[in-house]
Amino acid sequence: MIDIPITKLQALLRYSQNRTDGAIDMRFIGFLLLIVGAILIIYALNMNVSVLTSYGDRVNNIGLISARQNSTIVGGIVIVCGLLMVLLSKGKQTATDNEAKCPFCAELINKEAIKCKHCGSDVSDAMSKLKDMSFKVSDFDYMRVFRKVDEVFVVSDPDVRELVEKMRKSAKSSHPMNVYDEFKSDIDGMKNLLPSDIRDDFIKRVKYFLNK
């Protein structure tokens with residue numbers, strides 16, 4: 001029996017578990033298959049296929065030879081599959097929540113980047129537009145849309161207006177009703193987090209600024 005080298009396998013598994021996008025990409029699976037295939041072949045090559053006879057001699061056992069051959073074949077097939085997956089996924093990158101592709105060289109960069117670290121292009125305008133387009137209502141702090149005046153909760157118009165502007169920039173359609181429909185479930189979710197006496201007023205202000 002041989003020692004199985006699991007250090008790299010453990011590292012790859014940790015890498016997969018820590019991915020922010022939650023997905024195991026083809027390249028990772030390919031590397032995993034390469035390691036598994038290599039382990040199978042090493043195990044097969046080190047397999048003892050001889051048995052001790054009643055006369056004290058050692059002879060090759062057909063069953064063990066067949067098992068070694070099968071392990072070698074399976075290991076080779078697994079390695080080929082892993083190699084194909086690695087090659088086919090070469091250059092393929094998966095963006096995380098904080099990353100986007102540079103509009104000039106298509107390499108992954110941070111969404112907050114001003115200049116691309118790969119090609120050196122100025123990406124501030126492109127990243128700003130991308131940030132606007134990827135806006136989610138849940139990104140906006142609901143505590144900003146209301147305030148307390150003389151012990152009474154009131155809707156904060158400037159902040160609701162800012163929220164609506166972000167929605168409008170990110171929406172697929174510019175029509176007020178379409179914008180509202182696109183974000184309706186998220187707006188309703190935010191409304192339910194507000195003090196009960198201003199929830200209806202909040203919805204009215206959102207619609208008002210959308211139509212303004």
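No hydrogens, no waters, no symmetry mates; every other heavy atom, side chains included, goes into these values.
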Quick one: are [X] and [Y] in side-chain contact, heavy atoms under 4.5 Å?
X	Y	value
V160	Y208	no
M190	L163	yes
V164	V206	yes
I203	D188	yes
L33	V78	yes
Y142	N192	no
F202	R199	no

Supply the atom-to-atom distance [X] [atom1] to [Y] [atom2], rounded to the nearest 0.5 angstrom.
X	Y	atom1	atom2	value
F153	E151	CZ	CD	8.5 Å
L210	M177	CG	CE	9.0 Å
L194	M143	CG	CE	9.5 Å
F146	L193	CZ	CG	9.0 Å
C116	E107	SG	CD	7.5 Å

Is a donor on one side and an acceptor on the other found under 3.5 Å between the side chain of [X] and the backbone of [Y]?
X	Y	result
D150	V152	no
N178	S174	no
D186	F183	no

Of all the heavy-atom pairs spanning [X] and [Y], show the shortest one and how long it is.
X	Y	value
R168	N211	NH2-N, 4.5 Å
M47	S71	CE-OG, 4.3 Å
H118	C105	CB-SG, 3.9 Å
F31	V86	N-CG2, 3.8 Å
I109	A113	CD1-CB, 4.4 Å

Point to revise | Residue pairs passing the side chain to side chain donor-acceptor pair (under 3.5 Å) test where at least one lies in residues 152-162, sequence neighbours excluded | key: R144-D159, R144-E162, S156-D159, D157-R205
With a 6.0 Å cut-off (strictly less than), is the heavy-atom count around [atom1] of [X], excluding the residue itself, greater than 12?
X	atom1	answer
Q69	CD	no
L52	CG	yes
L64	CG	yes

Study note, to complete from the structure: In M167, K184, K172, K169, the residue satisfying side-chain contact (heavy atoms from CB on, under 4.5 Å) with V179 is M167
Exercise for review: Identify the residue among L34, I35, L40, V36 that makes a side-chain contact (heavy atoms from CB on, under 4.5 Å) with I79.
Suggested key: L34
Practice item. Group every Ile, Leu, Val, Met, Phe, Trp and Tyr by side-chain heavy-atom contacts under 4.5 Å, then state whether M85 and V80 land in the same group. Key: no
